[in-house]
Visitor: 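Right, I'll just put the structure down here and ask away after.
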There are 2 protein chains.
Amino acid sequence: MNSEIKKRVLIVEDDKEIRNSFMVIVNSSSQFSVVNGYSSCEEAIKHLNTDKPDIVLMDIELPGGMNGIKGAKVIKDKWPVADVIMVTVYEDSEMVFEALKAGASGYITKSANYRELLAALEEISKGGAPMSSKIARLVIDNFHVNPNSPLTKRETEILQLIAEGKTYTQISEQLFISKETSKTHIKNIYAKLQVKCKSEAIAKANLEKLI
Amino acid sequence: MNSEIKKRVLIVEDDKEIRNSFMVIVNSSSQFSVVNGYSSCEEAIKHLNTDKPDIVLMDIELPGGMNGIKGAKVIKDKWPVADVIMVTVYEDSEMVFEALKAGASGYITKSANYRELLAALEEISKGGAPMSSKIARLVIDNFHVNPNSPLTKRETEILQLIAEGKTYTQISEQLFISKETSKTHIKNIYAKLQVKCKSEAIAKANLEKLI
DNA sequence: GGTGGTTCCCTCGGATTGGGGTATTCATTT
DNA sequence: AAATGAATACCCCAATCCGAGGGAACCACC
């Protein structure tokens, strides 16, 4: 394959050994080539316009001012065409979701061998989202709504409308019921969720995936 | 491998040919065996307690009263230990998310050959979430927040609090600003999003992934 | 016949909301 | 030096929304 059309890979990783190891692996491929490697996000961000990466391998646990999450956000902001793959030692649930929100499209561990690393690059190149089984399941499970909701169908329906910020009046209009009925339902929701205002109800509903 | 510890696979698929083909493939594996195959969710649900499936292969486009989405919901409700894999011809975005919300843990196409089908079963057995590259990316992209938000940092922060149902007063207390300042920010948010109440703001924010 | 879900009604006062202005400070940009 | 954008703060005002307290009817499913 001609080097002109090789995908440009940028590596941000503070551990020099890992960084070099990743560089060697990536450069060994006919499809990818490393355009640069940095030990901090700040440096990487400075040279985005000249590095022009297609793919960024971003360490999450970075020393100094900017961690990988924030780094991914800035990079996606300044150079949106790049696909970001997070590289981490932990598969911590909270961190995964923060990284995804920040714009990451893949998630691999530092223990990845050359096969896994190249597979991830290939996967993201063809429009996929490389990640481990565990993380895939984590992400998918995050969509599941709680099947053990204490709320009735109608109450859930109304809770959804509350989540959209609808007022009593709007809810009653939308569901073709009286305003008083909406209020009754909401009172029952409050009792079941043990909350005392819309705010708390929505917060609790999101927490327990009731909607 | 002893048949006693084979994973019990249930197939719900109205097309007899596909159903039989899937049955043969699954039974050819040493790890899995088909406990039953039905052409409708209703039938499958009736026999859940005797079929005791570990994995359910569920067709989405099912004729009659109950489609696969609703079917998955009921099955996860009545037999929660089962992992549900949706089987479909389309990779329609809306349908994917509905299926995931309903409790599905995997998503494969009907065009899957025996390798792909068995790979999906193995993947879900080891706690993963089998899906195509395209769907993985769809799901991951769904987490990304819009980097082109018209809102400032502070406004986004306040919008998040509104989404939690907080009132002006609560917001001002939490951010250590005056109540009037919260109002000013919210007025600006309304102007930028072209909405005129909290409800619409939240709905629009969710739609455009502003938070 | 009971239970649970959904519907409807009443009263009440205090808090919240949204719309209209204006203004200061600070940092960045031009 | 001027301008812009962001964040902060204050004023007035009317509408309504909210949460809490009751009671009650209808229907479907056990």
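So you know, we letter chains A, B, ... as the sequences are listed, proteins then strands, and number each from 1. Just so we're clear, the structure is a prediction, and the values are computed from it rather than from any experiment.
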Visitor: Just how far, in rounded Å, is C1' of D/dT16 from NZ of A/Lys166?
Guide: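 Distance, rounded to whole Å: 18 Å.
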Visitor: What is the 5' to 3' range of DNA chain C, first to last nucleotide, that sits under 4.0 Å from any heavy atom of chain A?
Guide: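 Endpoints of the contacted stretch of DNA chain C: C/dG5 to C/dC10.
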Visitor: Decide yes or no on side chain to side chain donor-acceptor pair (under 3.5 Å) for A/Gln31 and A/Ser125, but give the supporting numbers first.
Guide: CA-CA 10 Å; A/Gln31 295 177 62; A/Ser125 288; 5.4 Å; no
Visitor: Starting from C1' on D/dA9, measure out to CZ on B/Arg154 and report it in whole angstrom.
Guide: 13 Å
Visitor: Does the pair B/Asp83/A/Arg137 count as a salt bridge with the N-to-O cut at 4.0 Å?
Guide: yes
Visitor: Is the number of heavy atoms from other residues, nucleotides or ligands under 6.0 Å of B/Lys179 NZ greater than 12?
Guide: no
Visitor: Could you state the CD1-P distance from A/Ile171 to D/dC17, rounded to the nearest angstrom?
Guide: 11 Å
Visitor: Taking only heavy atoms on the protein side, list every residue of residues 180-211 of chain A lying under 4.0 Å from any atom of DNA chain C, sorted numerically.
Guide: A/Glu180, A/Thr181, A/Thr184, A/His185
Visitor: Without swapping roles, check the side chain of B/Tyr190 against the backbone of B/Lys198 for a donor-acceptor pair under 3.5 Å.
Guide: yes
Visitor: Just checking, any donor-acceptor pair under 3.5 angstrom between side chains of A/Ser39 and A/Glu43?
Guide: yes
Visitor: Is the closest basic N to carboxylate O distance between B/Asp59 and B/Arg19 below 4.0 Å?
Guide: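 B/Arg19 and B/Asp59: not salt-bridged.
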Visitor: What is the distance from NZ of A/Lys179 to P of D/dC18, rounded to the nearest Å?
Guide: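 In whole Å, D/dC18 P lies 9 Å from A/Lys179 NZ.
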Visitor: Between the two ends of the helix from C/dG1-D/dC30 to C/dT30-D/dA1, what is the bend in degrees, rounded to 10 degrees, where each end axis spans five pairs?
Guide: 60°
